[in-house]
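Written out below as structure tokens is the structure these notes cover.
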Amino acid sequence: LYKKRPDLVNCGRTLIGQLPCRNQQADLNYFGPIPFRVDQLLQRVQEEMLRVGCPMAVRHNEVAPGQHEMSPIFCTASASSDSNALFMEVCNTEAVKLGLQVLFHEKPFAGINGSGKHCNWSIGTDTGLNFFYPGKTDDARKLFVTGIACLAYGLHRYNEMVRCAVAHAGNDHRLGAQEAPPAIISLYPGTGFEAHVESIVAGGGLLGYKAEKKLQSLGCSASMPIEANIEDRNRTAPFPFCGNRFEFRAVGSSQNCAFPVMVCNAIMASGMEHMSQLIEGGLNHRDAVAKLFTDSKHVIFTGNGYSAEWPVEAAKRGLPNLNTTPKAIATFASQKNKDLFVKLGIYAEDETDARAEVMYESYNTTLAVEVSTMILMMETGIIPACAKDLAKFKDFPSMAGERQSVYQAIVEETEKLKSLYAGLHNQSTLDAEAAYLCDTVKPQMVSLRSVVDKAESLLEIGYYPYPTYEQLLYSHHH
């Protein structure tokens with residue numbers, strides 16, 4: 001089925017396709033058993049990863065049909081990033097043996113949840129101290145508060161850099177929907193800790209935050225309460241606290257985790273440096289932490305990141321909303337970013353410029369391939385199928401319904417797309433090309449898709465030239 005879809009082969013995602021009647025309603029997929037062949041694959045992957053020293057802790061279904069999750073036991077960041085890249089290779093290798101195909105695109109199917117990586121990240125010392133674990137002693141609790149102050153400052157100072165860490169064409173289909181964090185980068189340390197921040201800013205001490213696990217009632221007398229986390233794990237936040245680490249939830253499923261992890265480390269280092277400078281300049285520990293929180297508390301948000309009110313509130317706080325990849329890339333090679341990379345020995349200035357250029361080229365190439373593939377699918381598959389279907393109604397025009405207008409609209413929208421795509425050659429720079437593809441060409445792809453998906457519901461069974469969503473999503477279940 002995979003090889004019969006030019007869009008999946010060339011783009012990694014479907015460019016057209018109508019959802020089946022049963023998609024992800026009623027949580028049937030998440031709570032159902034793992035399909036047999038998929039479970040075989042996940043077990044094989046788990047075994048192969050264990051052989052290379054990367055134990056997997058979890059395997060289960062996810063919300064969308066055909067969507068599944070595996071989680072490794074995390075370790076040192078560099079090793080974890082390598083293991084994650086190897087995991088993707090192992091998935092592909094083992095899937096072929098079972099007649100399956102793994103799609104790592106962030107949004108392979110429209111209308112159902114896309115995929116991402118939850119990059120669980122923390123900072124520790126070589127003596128075993130974890131900056132993001134509340135601890136059981138006063139010193140450990142102070143370290144915890146200090147660590148979050150440094151992280152908040154880094155997110156405040158280099159907010160755009162963190163957004164760039166997850167900016168690419170695939171992730172644009174996912175960020176900001178009701179399935180992934182918004183493109184606005186904020187920090188969620190929990191409502192209890194937010195109140196503690198306000199206390200510190202107002203002059204209170206560093207101690208006083210009670211990091212106590214709670215018992216959560218199940219509302220059933222036959223079941224005992226279960227132990228809940230210290231703070232709620234806000235799934236609408238890009239950077240929520242998870243008990244002893246933060247979870248960078250905006251990382252795309254096709255990404256190499258090394259780049260986002262590097263950026264997290266860089267902004268944390270900047271916060272630590274600023275904290276050190278304040279203390280070395282004469283402030284005491286408490287006042288230095290209070291100063292960092294005062295400067296950066298606007299990045300702390302404990303509300304609903306999916307809500308329509310949050311972008312409005314974020315704008316009032318001065319947080320950037322770089323909701324497309326071209327907007328994000330335009331900020332990457334800023335002077336403040338270059339200065340930080342040079343200071344930390346990560347990139348030279350020209351290497352930062354080169355990285356931005358590579359990001360633009362990747363985005364532009366991805367969109368160009370998608371447009372070319374879509375036009376090809378229209379002209380060699382969809383339009384001929386529509387012509388055959390319409391011809392069957394020549395003697396019964398009253399039974400054709402909307403076919404004539406819908407099929408004609410496909411031809412017209414395809415010609416519009418071809419014309420707009422030809423205009424790409426008038427753009428003289430990579431950033432201009434990216435903006436043109438994003439703001440002009442991509443919306444036309446959406447317009448074309450809408451009429452093609454409408455046509456799919458009109459075509460006689462057997463005329464649609466490509467495997468349907470229903471076939472793609474459920475064929476491996478049996």
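Counting begins at 1 with the first residue of the sequence.
Within 6.0 Å of NZ on K388 lie no more than 12 heavy atoms contributed by other residues, nucleotides or ligands.
Sorted by first and then second residue, the pairs that involve residues 340-386 and meet ring pair (Phe, Tyr, Trp, His ring centres under 6.0 Å), not counting sequence neighbours, are F332-F341, F341-Y347. Within the structure, ring pair (Phe, Tyr, Trp, His ring centres under 6.0 Å) pairs that include any residue of residues 27-60 comprise Y30-H60 (at least two apart or interchain). Applying the ring pair (Phe, Tyr, Trp, His ring centres under 6.0 Å) rule to pairs touching residues 414-466 yields nothing, sequence neighbours excluded.
Here the shortest heavy-atom pairing between P6 and K4 reads CD-O, 3.5 Å. For P189 against T302, the heavy-atom pair with the smallest separation is CD-CG2, 4.4 Å.
Relative ring orientation between W121 and F239 is described as perpendicular, the plane-to-plane angle rising above 60° on a 0-90° scale split at 30° and 60°. The aromatic rings of F246 and F241 lie tilted to each other, with the angle between the two planes from 30° to 60°.
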Solution key, residues 38-45 side-chain donor-acceptor pairs under 3.5 Å, sequence neighbours excluded:
unit_1 : atom_1 : unit_2 : atom_2 : d
D39    : OD1    : R59    : NE     : 3.1
D39    : OD2    : Q43    : NE2    : 3.1

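For the side-chain hydrogen bond (donor to acceptor under 3.5 Å, both in side chains) with T325, the lone residue among D172, T366, N171 that qualifies is D172.
With Y188 as the aromatic partner, R249 does not meet the cation-pi criteria of under 6.0 angstrom to the ring centre and within 45 degrees of the ring axis.
The salt bridge (Lys or Arg N to Asp or Glu O under 4.0 Å) search around E273 returns K343, not counting sequence neighbours. Taking E357 as the reference, nothing meets the salt bridge (Lys or Arg N to Asp or Glu O under 4.0 Å) condition, with sequence neighbours excluded.
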